[in-house]
Amino acid sequence: MFAPLPGGTPRIVAHMLARHAEVEGAAPELRGMPLGLTPVPLADIQLVDSWIAQGRPQ
């Protein structure tokens with residue numbers, strides 16, 4: 001879930017960003033999450049990405 005995809009983006013972050021693309025009408029390669037719900041705000045996705053980059057401290 002936290003492992004980077006070939007582009008370097010953590011898998012969970014890529015899926016959250018894909019949800020934004022789905023709402024905008026695109027058909028991303030990855031299925032977006034959360035399924036069928038409003039996308040997580042981009043600022044919150046950035047927090048998750050930063051947390052992962054810092055080694056996921058407790």
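Please read all numbers here as calculations on a predicted model, not as lab measurements. Any value given below was found using the heavy atoms of this structure, including those in side chains, with hydrogens, waters and symmetry copies removed.
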In a table with atom names and distances, give each donor-acceptor pair under 3.5 Å that connects a side chain of residues 49-58 to protein atoms at least two apart or in another chain.
unit_1: Ser50; atom_1: OG; unit_2: Gln46; atom_2: O; d: 3.0
unit_1: Ser50; atom_1: OG; unit_2: Gln46; atom_2: NE2; d: 3.1
unit_1: Trp51; atom_1: NE1; unit_2: Pro57; atom_2: O; d: 3.0

Can I get a per-line list of side-chain donor-acceptor pairs under 3.5 Å for residues 4-21, giving both atom names and the distance, sequence neighbours left out?
unit_1: His15; atom_1: ND1; unit_2: Arg31; atom_2: O; d: 2.6
unit_1: Arg19; atom_1: NE; unit_2: Pro34; atom_2: O; d: 3.3
unit_1: Arg19; atom_1: NE; unit_2: Leu37; atom_2: O; d: 2.9
unit_1: Arg19; atom_1: NH1; unit_2: Glu22; atom_2: OE1; d: 3.0
unit_1: Arg19; atom_1: NH2; unit_2: Leu37; atom_2: O; d: 3.0
unit_1: His20; atom_1: NE2; unit_2: Val40; atom_2: O; d: 2.6

Hydrophobic cluster identity match, Val23 and Leu30, side-chain contacts under 4.5 Å
no
